[in-house]
Structures are given as structure tokens and as C-alpha cells.
Amino acid sequence: MTSRITAGRFPGAGALSATGKLFALGLDIFVGIFQRPFQTKEFIEQCWFISRVCILPAALVSISFGSVISLQLGSLIRQFGAQSFSGAASTLAVIQQAAPVICALLVAGAGGSAVCADLGARTIREEIDAMEVLGINPIQRLVVPRVLAAMLVSALLFGLVSIVGVAGGYYFNVVLQGVTPGAYIQGFSALSKPSDLLVGFIKAVLFGLAAGVVAAYRGLNPSGGPKGVGDAVNQAVVITFILLFAINVIVTAVYLNLVPPNKF
């Protein structure tokens with residue numbers, strides 16, 4: 001007597017199936033990158049749209065993140081009498097952790113939700129099915145430009161957020177907490193290295209990739225008509241937030257084990 005395991009009888013089978021489809025979509029997107037013709041116009045339009053909705057919030061949020069991190073770390077380090085380390089601590093925290101996370105949150109919350117809603121609306125209007133009937137690959141035509149745009153904008157926002165966050169941290173540490181500019185810069189230059197900036201950049205790109213793929217997957221698989229599109233947008237944002245924190249932990253752990261820290 002054979003036993004058949006179905007999604008209804010096996011708890012978690014639906015989640016495993018969705019995870020497999022998500023990774024399959026990611027593979028299709030990777031293949032679609034190298035297919036021609038590349039949708040340059042669509043890519044530029046998506047880059048401009050995501051940048052337009054994310055630049056100002058990213059700058060404002062980075063000031064808050066930079067100031068909070070600098071004030072908290074500056075106060076803690078001052079209790080140990082090591083004010084010269086405040087520049088390194090606050091700057092590395094912004095570059096390695098705060099800047100990539102801010103980029104991912106904004107790209108997923110603003111750009112990713114718009115991508116998911118757009119693809120979801122096209123799906124329930126059967127535009128995706130019509131493209132497939134006409135022999136047009138919707139992954140290569142619609143999804144690939146949006147995912148690449150999310151990755152590029154996330155990488156560019158990382159630079160913006162890092163500059164604004166570090167500048168804000170410098171102001172709060174030097175002006176408000178009395179750390180000398182020389183000690184601030186010396187501590188940062190002594191403990192930081194180019195790989196610290198590189199790992200932050202890699203995180204931003206991976207976060208943008210996760211946001212784009214999840215938004216595309218949920219947009220291409222809505223359920224229940226227009227209401228299902230709204231639910232898909234909410235699910236895409238939540239799933240992306242969970243993924244980005246998991247990716248952040250993995251990348252940080254690997255980096256800290258492979259790259260030895262500088263000694264002061």
C-alpha cells in the first residue's frame with residue numbers, strides 16, 4: 001500500500017513548494033539576463049522610478065540612523081575612556097549594517113511594492129498569459145529589467161546612505177559629544193579597511209536582488225483578483241524583510257570569519 005503526500009496532508013508542503021518556485025524564478029531571471037534583446041528602455045524607466053521614490057526617504061532615514069548610532073556608541077565608548085574609537089565604531093556600523101539595511105527596506109517597501117502591484121495587475125488582466133501566447137517571454141521582457149533596476153538602485157543608494165550617515169555621525173560625535181576631529185578620523189582610518197566598504201556594497205546588491213525577485217514572484221502569482229494583488233504586495237514586503245535579515249546574518253558571519261579585523 002503506497003502513501004501519497006500532498007500539500008494538504010503534509011504541513012509546510014505549500015511553503016516548500018513556494019520556496020522552490022521562488023528559486024526557480026530566480027534561475028529564470030539569471031538566464032533572462034543574457035537573452036537578447038535586452039529591454040534597455042524598460043530598465044532605465046524602472047531605475048528612474050525606484051530612484052525617484054527612494055532617494056529622499058533614504059537620505060532622511062540615514063541621518064536618523066547615523067545620529068542614533070553615533071550618539072549611542074559615543075556615549076558607551078566614552079564610559080570606557082576610548083573616545084578615539086568612536087569614529088571607527090560609528091562609521092563601520094553605518095557602512096556595514098545600517099546603510100545596506102536602509103537601502104533594502106526602502107527598495108522593498110517603495111520600489112518592490114510598486115513592482116509587485118504592477119505585475120499583479122498585469123497577471124489578473126491576463127496580460128502575462130497573452131504575452132506567452134504571442135511567444136514573448138514575460139520574465140525576460142518585464143521581470144529582468146525590474147530586478148536589475150532594484151539591484152542597481154540599491155547599490156547606488158548604499159553610497160548615498162553611507163555618505164550621509166557618516167557625515168551625520170561625524171557631526172554628532174565631534175560637535176555634540178566633543179570628540180576631536182583628528183581622533184575621530186584617526187580611529188576610523190586605523191580600524192577600517194576597503195573590504196568593509198565592499199561587504200556593505202555586496203549586501204546592498206543582494207538585498208536589492210532579494211527584493212526584486214520576491215516582488216516579481218508574488219506579482220506573478222496573485223490569488224483572488226484585485227484583493228489578491230493587495231495581499232501579494234503585503235506578503236512581498238514581509239517576505240523581503242525576513243530574507244534581508246537572514247542574508248545579513250549569513251554575509252556578516254562569513255565576512256567576520258574570513259576577513260581578520262585590523263588591530264589598533
Side-chain angles (χ1 to χ4, degrees), residues 15-16 19-20 22-23 26-27 29-30 33 58 61-62 65-66 68-108 112 147-148 150-166 168-170 173 183-214 238-264:
L16 291 176
T19 303
L22 180 65
F23 278 97
L27 181 60
I29 293 172
F30 177 77
I33 294 175
V61 172
S62 61
F65 264 83
V68 170
I69 291 175
S70 297
L71 290 174
Q72 186 65 46
L73 290 178
S75 177
L76 179 63
I77 292 176
R78 187 167 49 190
Q79 297 178 20
F80 294 95
Q83 289 87 345
S84 59
F85 292 97
S86 60
S90 60
T91 303
L92 292 178
V94 169
I95 292 177
Q96 289 191 15
Q97 303 299 329
V101 171
I102 291 173
C103 296
L105 294 178
L106 291 173
V107 170
V147 173
L148 291 180
M151 295 172 63
L152 177 61
V153 173
S154 181
L156 296 177
L157 284 179
F158 168 74
L160 172 66
V161 173
S162 298
I163 293 173
V164 176
V166 170
Y170 177 87
N173 275 140
Y184 185 94
I185 297 175
Q186 181 183 6
F188 168 67
S189 60
L191 295 180
S192 63
K193 46 190 176 295
S195 59
D196 296 325
L197 185 63
L198 178 62
V199 71
F201 177 81
I202 293 175
K203 284 182 181 181
V205 173
L206 291 177
F207 294 162
L209 173 63
V213 173
V214 172
V238 174
I239 294 172
T240 303
F241 287 178
I242 296 173
L243 279 179
L244 77 89
F245 285 113
I247 294 172
N248 189 32
V249 171
I250 294 172
V251 175
T252 302
V254 171
Y255 174 73
L256 293 179
N257 281 278
L258 294 180
V259 181
N262 290 344
K263 296 182 179 181
F264 188 75

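Heavy atoms only: backbone and side chains are in, while hydrogens, waters and symmetry mates are out.
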What distance do [X] atom [atom1] and [Y] atom [atom2] have between them, rounded to the nearest 0.5 Å?
{"X": "F245", "Y": "I250", "atom1": "CZ", "atom2": "CD1", "value": "14.0 Å"}
{"X": "L148", "Y": "I33", "atom1": "CG", "atom2": "CD1", "value": "4.5 Å"}
{"X": "L156", "Y": "C103", "atom1": "CG", "atom2": "SG", "value": "9.5 Å"}
{"X": "I102", "Y": "S154", "atom1": "CD1", "atom2": "OG", "value": "11.5 Å"}
{"X": "I239", "Y": "L244", "atom1": "CD1", "atom2": "CG", "value": "12.5 Å"}

ask   = Do you know the tightest heavy-atom contact between L157 and A58?
value = CD2-CB, 4.1 Å
inquiry  = For I29, give me all partners under side chain to side chain contact (heavy atoms under 4.5 Å, CB included), at least two apart in sequence or on another chain.
reply    = L25, I139, V143, V144, V147, V213
Pairs under 3.5 angstrom only: tabulate donor-acceptor contacts from the side chains of residues 198-212 to other protein residues two or more places apart or in another chain.
residue: K203; atom: NZ; partner: Q96; partner atom: O; Å: 3.0
residue: K203; atom: NZ; partner: N248; partner atom: OD1; Å: 2.9
residue: K203; atom: NZ; partner: T252; partner atom: OG1; Å: 2.7

